[in-house]
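Okay, so here's the structure we're looking at.
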Amino acid sequence: QVQLRESGGGLVQAGEFLRLSCVASGLPFNNYAMAWFRQALGKEREFVAAISWNGGSTSYTDSVKGRFTISRNHHENTVYLQMGNLQPEDTAAYYCAARPFRMVETTDYDYWGQGTQVTVAS
């Protein structure tokens with residue numbers, strides 16, 4: 001059974017940092033592209049960042065470029081999202097997702113985690 005388990009969310013002040021983690025189990029992690037999405041209250045789920053199966057390529061939505069960094073650790077089957085200079089508009093539930101090999105910026109991912117809440121106070 002595939003499981004993606006996110007952690008690391010919380011309440012922070014504007015300008016602060018958080019690091020989200022997503023541990024994957026039940027799938028060949030080395031063969032899967034990983035991504036982070038977020039969904040604010042009353043809004044659609046949106047793409048945040050993705051990383052290719054081998055970590056060689058990354059992609060970010062424009063609003064987080066220069067502030068967020070996605071990375072992965074194949075020994076720990078974990079993907080990270082380092083978030084810096086957080087702003088109130090970053091407040092959302094953040095979800096980890098996985099799909100075989102090729103990363104995409106749509107919601108076309110096979111597996112999803114339960115999400116972790118990030119709240120940024122002004």
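Within the model, atoms OG1 of T78 and CG of L4 stand 10.5 Å from one another, a figure rounded to the nearest 0.5 Å. Atom CD of Q39 is separated from atom CD of E46 by 9.5 Å, given to the nearest 0.5 angstrom. Here the straight-line distance linking atom CZ of R5 with atom OG of S21 works out to 13.0 Å at 0.5 Å rounding. If you take OH on Y80 and CE on M34, they are separated by 11.5 Å, rounding to the nearest 0.5 Å.
One N or O on the side chain of R99 and one on the backbone of D108 form a donor-acceptor pair closer than 3.5 Å. Judged by distance alone, the side chain of H74 and the main-chain N or O of W53 form a donor-acceptor pair under 3.5 Å. Of the possible donor and acceptor atoms, none in the side chain of T116 sits under 3.5 Å from a partner among the backbone N and O of S7. Remark: the backbone N or O of A14 is not paired with any side-chain donor or acceptor of Q87 at under 3.5 angstrom. With hydrogens and angles ignored, the 3.5 Å screen pairs no side-chain donor or acceptor of R72 with any backbone N or O of N30. Side-chain N or O atoms of R67 include one that pairs as donor or acceptor with a backbone N or O of N85 at under 3.5 Å.
The ring pair (Phe, Tyr, Trp, His ring centres under 6.0 Å) test applied to Y60 returns no partner, not counting sequence neighbours.
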Does S59 form a side-chain hydrogen bond (donor to acceptor under 3.5 Å, both in side chains) with E105? I'd like the steps, not just the answer. CA-CA 8 Å; S59 178; E105 297 183 4; 2.2 Å; yes
Between L20 and V118, is the side-chain contact (heavy atoms from CB on, under 4.5 Å) condition met? List the steps. CA-CA 9 Å; L20 305 183; V118 173; 4.0 Å; yes
Checking side-chain contact (heavy atoms from CB on, under 4.5 Å) for the pair L86/F68: CA distance, chi angles, key distance, verdict? CA-CA 9 Å; L86 284 161; F68 290 12; 3.8 Å; yes
Stepwise side-chain contact (heavy atoms from CB on, under 4.5 Å) check, V64 with R38: CA-CA 12 Å; V64 308; R38 65 187 179 187; 4.0 Å; yes
Determine, stepwise, if the pair W36 / C96 fulfils side-chain contact (heavy atoms from CB on, under 4.5 Å). CA-CA 5 Å; W36 288 95; C96 174; 4.1 Å; yes
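For the residue pair F29 and A24, the shortest heavy atom distance occurs at CD1-CB, 3.7 Å. Closest approach of A92 to A40, counting heavy atoms only: CB-N, 3.8 Å. Shortest non-hydrogen contact noted between N54 and S52 is OD1-OG, 2.9 Å.
Within the 4.5 Å cutoff, no side-chain heavy atoms of E6 are placed close to those of Y94. Residues F47 and V104 fail the side-chain proximity criterion, which asks for heavy atoms closer than 4.5 Å. Considering only heavy atoms from C-beta on, T91 comes within 4.5 Å of Q117 through its side chain.
Both V2 and V79 are part of a single hydrophobic cluster, where members link through side-chain heavy atoms under 4.5 Å apart. Cluster annotation: I70 and M103 are assigned to distinct hydrophobic clusters (Ile/Leu/Val/Met/Phe/Trp/Tyr, side-chain heavy-atom contacts under 4.5 Å, transitive). Clustering ILVMFWY residues whenever any of their side-chain heavy atoms sit less than 4.5 angstrom apart, transitively, puts V23 in a cluster other than the one holding L18.
Relative orientation of the W112 and Y95 rings is perpendicular, given thresholds of 30° and 60° on the angle between their planes.
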